[in-house]
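Scroll down for the structure; my scribbles are underneath it.
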4 protein chains.
Amino acid sequence: MSALRPRKRPTQPRAVETVACILEAAAQILEAQGQAAFNTNAVAERAGVSIGSLYQYFPGKDALLIALMQREKDRFGADAAAALSEPTGRTALQHLIQAAVRQQLSRAELARLLDIAEERPEARKAVDGKSGFGALIHQILARPDLPAQPDVARAADDVGQIIRALIDAAGLRGDTDAVALERRLCAAVFGYLGAAQM
Amino acid sequence: MSALRPRKRPTQPRAVETVACILEAAAQILEAQGQAAFNTNAVAERAGVSIGSLYQYFPGKDALLIALMQREKDRFGADAAAALSEPTGRTALQHLIQAAVRQQLSRAELARLLDIAEERPEARKAVDGKSGFGALIHQILARPDLPAQPDVARAADDVGQIIRALIDAAGLRGDTDAVALERRLCAAVFGYLGAAQM
Amino acid sequence: MSALRPRKRPTQPRAVETVACILEAAAQILEAQGQAAFNTNAVAERAGVSIGSLYQYFPGKDALLIALMQREKDRFGADAAAALSEPTGRTALQHLIQAAVRQQLSRAELARLLDIAEERPEARKAVDGKSGFGALIHQILARPDLPAQPDVARAADDVGQIIRALIDAAGLRGDTDAVALERRLCAAVFGYLGAAQM
Amino acid sequence: MSALRPRKRPTQPRAVETVACILEAAAQILEAQGQAAFNTNAVAERAGVSIGSLYQYFPGKDALLIALMQREKDRFGADAAAALSEPTGRTALQHLIQAAVRQQLSRAELARLLDIAEERPEARKAVDGKSGFGALIHQILARPDLPAQPDVARAADDVGQIIRALIDAAGLRGDTDAVALERRLCAAVFGYLGAAQM
DNA sequence: AATGAATGAGCCTTCATTCAT
DNA sequence: AATGAATGAAGGCTCATTCAT
């Protein structure tokens, strides 16, 4: 049995709320005090829940972190998926970038730390996959109005990384000008794709 | 006294070798087993040195990590600084990208993990500064043949991040085609700068 | 948050017992093996408790020692405070001396070592204060039947030191004659105060 | 062979000086930074001597500390021994008290910390003995003008403790009025002996 | 003799996790 | 289901002491 997925899918409404509480506590500790302060006892205390209860819902620390990543991904999901309805690849990518920027600006430090955490191999295995950001980009890059890429998977990966890197850097600087950030992102991404704006 | 700078400058040749051993052991553990396995006892053991010796030269775990970053930066330094002798900003950037790619391909995983570690605020303070990659880019971006940037410091930061992100991603994928990687990097960077190749 | 005060007030009876066990183990190690052997691992082991449990209730070694001092002070407290009900200053001091001797004879070596430990400046700050031995003496010295002292605080301090010194010395010699010890103490203390017995 | 006495009696003048240097360094560290900072490496460094040399002259840390105690005792010795030439026991004791106060006021914190260190059983064994303060008091107490004590050894011990305790307390308070301190000491001591001043 | 690099036992402390209640 | 007391492996770091040079 995987030790990374939630232990039980909570069905009772109280349990659902408890899980949400724990995740939010985890998010707050991470963004307010950083990785080093992120430990299960602290999360449980902040959530107002016993450490035993935390382990009832999450089989371990990693599972908790991964659930948090998933929560943020889901939060982003609908907004991002709408990009696929855009008429062209270019507008779809712009839409996606806009969604990513919006997401990041709302909880910049949290997003940044989760991005870093996601780099760990265990996390990559558990979170990535079909539902992700990468897959979305992959689909968009296949659109006919964008230059064909020799290796679409790689290009999708690279574009995702560029977006992530610049958004995280902006967050770290405390940059809050979403429009300017989007403009820079588009320049870099379309430049990468060989579809630079004139 | 800072707990992040080396504790004692080795004078005897034996000591110099010990320090080198420790740093190399740190590098190997980091790249072979990752951040989580990176602890002072393991490093000392791998270096074939007592834990006491490690602490004779490094005041703590963080200092060790930072010294390792510095070592890699220095290794990269000469190669990168040569970029400033290039006639134009464009060629200088290309030179810099080439140097970065070369550096990364030699020890991809190590470089990637150090990049991640460098993200921690304590590390940023200790390592960055004048001698860095960022300052180099900053100077290059001021060259007249490149489009003027509204905020050069930010642009330099962003360019550094793009380079870092794409190189790390390539390393993670096991990508070893340096030329192709450089081409993609140039596309993204010059795209970002509004100087896309035609 | 102070690293010297107990970390968590035990609520469950089991926890109360654990704390008591730890303190008693600390006392035993101190008196049987001395300061040098007093370390958190040894205390936990002797208490039959894991080192983690010790740190659950005491934030560190010093806090443990201070809690032990406090325990002994409290044990002594009621007995000593009764001195204030004595009709005269002289009898009050005699009462106090008697109480101190009684306390010391029960666990002479422990008391002696705690007295020494209390000399350390960190300990002084944490333990002394209103509830202390010194304050009690201070009040007694203000009684009208005792000679007025030019500096009551200093006199109280000195008297406390004399009592402590002679009792500790007796303990170290293995002296068990309480009555004789009290007589010598009274002689020294009342001599100091200029109220020597005729 | 005892591990507490100096390893070799230095005969060459340079060696004598080195030993003196080390002892003075030890004294300075102790009084300026306290017990916790008192370690062999620090002493050697402050003395401007290699750690190896320190171990050439002292077989261990304890030997160093004990030699320091001895040094202070010797410094005190001549002054104190002169007390024996006083015509009466009373004046002899007064002389001794005066000498002790003078000694203490010159390096109060050092003397205080050495007094504490002397409490340790290993130290007692090595330092005490015939040449000490105690023996001096013992002789004085036998003088005919002082009240006969039922147990002279015990009385000598007690008197020594009283003197030590009050002087240390004064040092800790930063008290620098030697005359007043002597007056209080005499009161306590002669009170103890049943020879209170009128 | 002197040096100082090296050693490593040992101490302090944290935190993920378990389990009796 | 919930609680929180208890666990103990693991890791950071110091410092007395040794020994090759």
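Just so you know, these numbers come straight off a predicted model, no measurement behind them. Note that these values count all heavy atoms, side chains included, but never hydrogens, waters or copies made by symmetry. Order of the sequence lines sets the chain letters (A, B, ...), proteins ahead of strands, with each chain counted from 1.
Every residue two or more places apart in sequence or in another chain that forms a salt bridge (Lys or Arg N to Asp or Glu O under 4.0 Å) with Glu24(C) is listed here: Arg71(C), Arg107(C). The side-chain contact (heavy atoms from CB on, under 4.5 Å) test applied to Ala67(B) returns Leu23(B), Phe58(B), not counting sequence neighbours. Among residues two or more places apart in sequence or in another chain, the side-chain contact (heavy atoms from CB on, under 4.5 Å) test is passed with Ala111(A) by Gln104(A). Every side-chain contact (heavy atoms from CB on, under 4.5 Å) that Glu72(A) has, sequence neighbours left out, goes to Arg75(A), Gln103(A), Leu110(A), Leu114(A). Under the rule for a side-chain contact (heavy atoms from CB on, under 4.5 Å), the partners of Glu119(D) that lie at least two apart in sequence or sit in another chain are Arg112(C), Ile116(C), Arg124(D), Arg164(D).
No more than 12 heavy atoms of other residues, nucleotides or ligands sit less than 6.0 Å from atom CD of Glu17(D).
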Strand DNA chain F in bracket notation, Watson-Crick/G-U under 3.5 Å with | for pairs to another chain | .||||||||||||||||||||

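When each of Lys61(B) and Ala15(C) is assigned the nucleotide of DNA chain F bearing its nearest heavy atom, the one mapping closer to the 5' terminus is Ala15(C). Mapping Arg14(B) and Arg14(C) onto DNA chain E by nearest heavy atom places Arg14(B) closer to the 5' end of the strand.
Proximity of residues 42-55 of chain B to DNA chain E (heavy atom under 4.0 angstrom from any strand atom) is restricted to Val49(B), Ser50(B), Ile51(B), Gly52(B), Ser53(B). Interface residues of residues 22-40 of chain B facing DNA chain F, ordered by number: Asn39(B), Thr40(B); criterion, heavy-atom separation under 4.0 Å.
What separates OH of Tyr57(D) from C1' of dT3(E) is a distance of 13 Å, to the nearest Å. Atom CZ of Phe58(C) is separated from atom C1' of dA6(F) by 15 Å (rounded to the nearest Å). At whole-Å resolution of the value, CG in Leu64(D) and P in dC15(F) are 15 Å apart. The distance between atom CD of Gln56(B) and atom P of dA16(F), rounded to the nearest whole Å, is 14 Å.
Side-chain contact between Leu65(C) and Arg120(C): present, with at least one pair of heavy atoms (C-beta onward) separated by less than 4.5 Å. When side chains are defined from C-beta on, Met69(D) counts as touching Glu118(D), because their heavy atoms get closer than 4.5 Å.
Taking CG of Leu113(C) as the start and CD of Gln33(C) as the end, the distance is 11.5 Å to the nearest 0.5 Å.
The base of dA16(F) sits within donor-acceptor range of the side chain of Asn41(D), with an N or O pair under 3.5 Å.
Regarding contacts with the backbone of dT14(F), a side-chain N or O of Arg7(B) is found under 4.0 angstrom from either OP1 or OP2.
Within 4.0 Å (heavy atoms only), Gln12(B) reaches sugar-phosphate atoms of the nucleic acid but no base atom.
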Enumerate, atom names and distances included, each donor-acceptor pair closer than 3.5 Å involving a side-chain atom of residues 41-54 of chain A, sequence neighbours excluded.
residue  : atom : partner  : partner atom : Å
Arg46(A) : NE   : Gln28(A) : OE1          : 3.1
Arg46(A) : NH2  : Gln28(A) : OE1          : 3.3
Ser50(A) : OG   : Ser53(A) : N            : 3.1
Ser50(A) : OG   : Ser53(A) : OG           : 3.2

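Between the side chain of Lys73(A) and the backbone N or O of Leu68(A), no donor-acceptor pair lies under 3.5 Å.
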